[in-house]
Amino acid sequence: MEEQILKQLAQPLLAWYDIHRRILPWREEVSPYRTWVSEIMLQQTRVAAVLPYFQRFMEAFPTVEALAQADTERLMKLWEGLGYYSRARNLQKAARILTEQYGGRFPETYRELTALPGIGDYTAGAILSIAFGQAVPAVDGNVLRLAARITGSRLDVLDAKNRKIFRSWMAAAMSQERPGAYNQALMDLGATVCLPSGAPLCGDCPAGDFCIARQEGCQARLPVRSPKREKRTEHLTVFLLRRGAAAALRQRPDTGLLAGLWEYPHVPGTLTEAEAARQLQMWGVNPTKWRKKLSARHIFTHVRWEMTGYVVEVDGLGPGDWLWAEAQQRERLAIPSAFEKFTAELKEGE
DNA sequence: AATACGGGGAG
DNA sequence: CTCCCAGTATT
């Protein structure tokens with residue numbers, strides 16, 4: 001039933017795509033490598049955010065081999081601010097597997113692609129269809145929204161088993177002649193016409209004639225998404241410690257949130273200046289001048305940080321895992337956006 | 001099946 | 001503020 005509705009989409013969608021498709025760097029010159037990198041960057045990330053990163057990435061690491069051999073610190077610095085940093089690490093892991101086990105070539109099967117780190121259901125479909133012309137669906141948030149609206153489905157699109165159902169519908173309905181164009185057309189339609197928030201532009205949609213949601217006037221209420229869990233709040237006290245021209249940094253653990261990135265020393269809780277002084281003493285550093293108290297907030301997907309920051313001039317080296325870095329060295333380290341305000345403050349104090 | 005994992009733009 | 005984006009890995 002749903003497949004039959006969706007099968008009406010391919011022809012008008014491809015005609016629409018040939019006129020309205022977006023010009024994007026990874027489309028101007030198509031290769032498995034470029035398709036792969038772009039799709040990884042685009043996971044949970046808007047096109048506009050990816051554009052500058054993609055250009056820089058391709059200049060820095062033009063081939064699978066270059067990525068496999070790249071200095072990881074440089075790779076993370078390039079990824080700084082894009083988020084979901086395991087994507088970058090997995091990209092390099094996969095590049096090394098491709099180099100060592102596949103002679104630097106990409107495998108052309110769903111099974112082999114999804115076995116590579118960072119490549120799941122969606123990305124495998126995108127690479128197979130776009131780079132290799134195989135009729136494999138690539139079902140992302142755009143496609144789920146389109147499919148739910150066109151079929152009028154009330155299935156919860158956040159539910160994994162429902163996603164499988166949507167995927168099977170799309171597999172049955174997709175173009176066998178132009179699978180890559182078809183999958184990219186769905187994304188473009190979702191991004192520019194069948195909008196996620198606000199009113200979709202149904203008058204411009206190639207599915208306008210048979211879209212169930214449009215007929216029922218329920219576009220704004222589809223797709224159905226189950227409510228998400230509330231995020232917890234964590235309070236932190238961050239230390240911006242200056243020793244001459246250097247500031248203290250430390251590297252985060254190699255697993256978990258912001259794995260392996262650099263940060264300013266911090267402790268849980270909101271400390272008063274007196275408590276902060278005691279903490280510095282425990283670290284073995286001696287404050288010589290308290291410069292400023294700051295506050296900042298950062299919101300992640302599942303947690304909120306409420307931060308208090310102290311800018312302090314100090315004597316002493318602190319714990320052995322601290323790095324005292326001057327501006328030039330700090331610029332080469334990947335420091336998460338959560339600390340942006342503090343980074344700017346340090347720069348100000350130069 | 002549920003949760004961890006970033007960051008930013010739009011409303 | 002909330003929502004959600006060219007999702008995947010882990011438990």
Side-chain angles (χ1 to χ4, degrees), chain A residues 21-22 24-27 34-54 76 79-91 93-94 113-127 129-131 137-146 156-164 166-167 170 180 182-192 194-199 220 223 225-234 252-261 263 297-305 334-340:
Chain A
R21 72 188 198 92
R22 290 176 290 178
L24 299 168
W26 45 88
R27 289 180 178 173
R34 291 169 63 86
T35 302
W36 173 48
V37 171
S38 67
E39 291 300 341
I40 299 295
M41 287 186 171
L42 287 160
Q43 289 168 5
Q44 294 291 287
T45 310
R46 293 170 194 282
V47 166
V50 166
L51 287 172
Y53 286 88
F54 182 80
M76 299 315 292
W79 206 271
E80 180 186 63
L82 194 57
Y84 286 152
Y85 298 92
S86 65
R87 292 185 295 177
R89 297 182 187 287
N90 283 335
L91 213 42
K93 283 183 195 165
L113 283 174
T114 52
L116 293 169
I119 299 185
D121 197 63
Y122 163 78
T123 305
I127 294 172
S129 60
I130 297 168
V139 179
D140 69 338
N142 284 313
V143 178
L144 288 169
R145 184 172 61 257
L146 280 165
D156 176 2
V157 298
L158 292 185
D159 188 313
K161 69 176 188 297
N162 290 337
R163 291 189 179 211
K164 280 192 163 183
F166 279 104
R167 189 172 193 277
M170 297 315 298
Y182 178 84
N183 282 339
Q184 293 179 93
L186 290 171
M187 325 251 194
D188 281 17
L189 190 63
T192 64
C194 197
L195 304 172
S197 53
R225 293 169 179 273
S226 53
K228 45 195 69 164
R229 261 185 78 244
E230 197 169 332
K231 51 176 63 93
R232 66 179 183 277
T233 299
E234 293 178 358
R252 294 180 61 85
D254 59 10
T255 58
L257 185 67
L258 305 170
L261 272 61
E263 65 181 6
R297 163 184 303 160
H298 191 79
I299 301 178
F300 300 94
T301 305
H302 59 295
V303 58
R304 168 206 313 267
W305 278 0
I335 302 172
S337 300
F339 300 105
E340 164 70 33

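Small disclaimer: the values here were computed from a predicted structure and weren't measured. In what follows, chains carry the letters A, B, and so on, assigned in the order in which the sequence lines appear, proteins first and then strands, with residues in each chain numbered from 1.
For A/Phe54, the ring-ring contact (aromatic ring centres under 6.0 Å, His included) partners are A/Trp26, not counting sequence neighbours. Qualifying side-chain contact (heavy atoms from CB on, under 4.5 Å) partners for A/Ser226, counting only residues two or more places apart in sequence or in other chains: A/Asp156, A/Leu158. The side-chain contact (heavy atoms from CB on, under 4.5 Å) search around A/Arg89 returns A/Thr72, A/Met76, A/Leu261, not counting sequence neighbours. Take A/Tyr122 and apply the ring-ring contact (aromatic ring centres under 6.0 Å, His included) test, not counting sequence neighbours, and it matches no residue.
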Sugar-phosphate or base contact per nucleotide [nucleotides 2-11 of chain B; S, B, -; heavy atom under 4.0 Å] = -SSBBBBB--
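The main-chain N or O of A/Glu234 is never found under 3.5 Å from a side-chain atom of A/Arg304 such that the two would form a donor-acceptor pair. In this structure, the side chain of A/Arg163 engages the main chain of A/Val157 through a donor-acceptor pair within 3.5 Å.
First and last contacting nucleotides of DNA chain C toward chain A (any atom under 4.0 angstrom from a heavy atom, 5' to 3' order): C/dC1 to C/dA9.
With DNA chain C read from its 5' end, the first of the two nearest nucleotides for A/Lys231 and A/Gln184 is the one closest to A/Lys231. Of the two residues near DNA chain C, A/Asp140 and A/Arg304, the one whose nearest nucleotide lies more 5' is A/Arg304.
When side chains are defined from C-beta on, A/Tyr84 does not count as touching A/Gln43, because their heavy atoms never get closer than 4.5 Å.
Within the nucleic acid shown, A/Asn183 has no heavy atom closer than 4.0 Å to any nucleic acid atom. Among the protein residues, A/Trp26 comes within range of the nucleic acid bases, having at least one heavy atom under 4.0 Å from a base atom. Within 4.0 Å of A/Thr123, counting heavy atoms only, lie sugar-phosphate atoms of the nucleic acid but no base atom. Contacts of A/Arg27 with the nucleic acid, taken as non-hydrogen atoms under 4.0 Å apart, include base atoms. No contact: A/Ile40 has no heavy atom under 4.0 Å from any strand. Contacts of A/Arg22 with the nucleic acid, taken as non-hydrogen atoms under 4.0 Å apart, include base atoms. In this structure, A/Leu116 reaches the sugar-phosphate backbone alone: every heavy-atom distance under 4.0 Å involves primed, P, OP1 or OP2 atoms, never a base.
Nucleotides B/dG6 and C/dT10, compared at atom P, are 14 Å apart to the nearest Å. Atom P of B/dT3 sits at a distance of 25 Å from the matching atom of C/dA6, rounded to the whole Å.
Heavy-atom minimum distance, A/Met170 versus A/Pro137: CB-CB, 4.2 Å.
For A/Tyr53 and A/Trp79, the gap between ring centers reaches or exceeds 6.0 Å.
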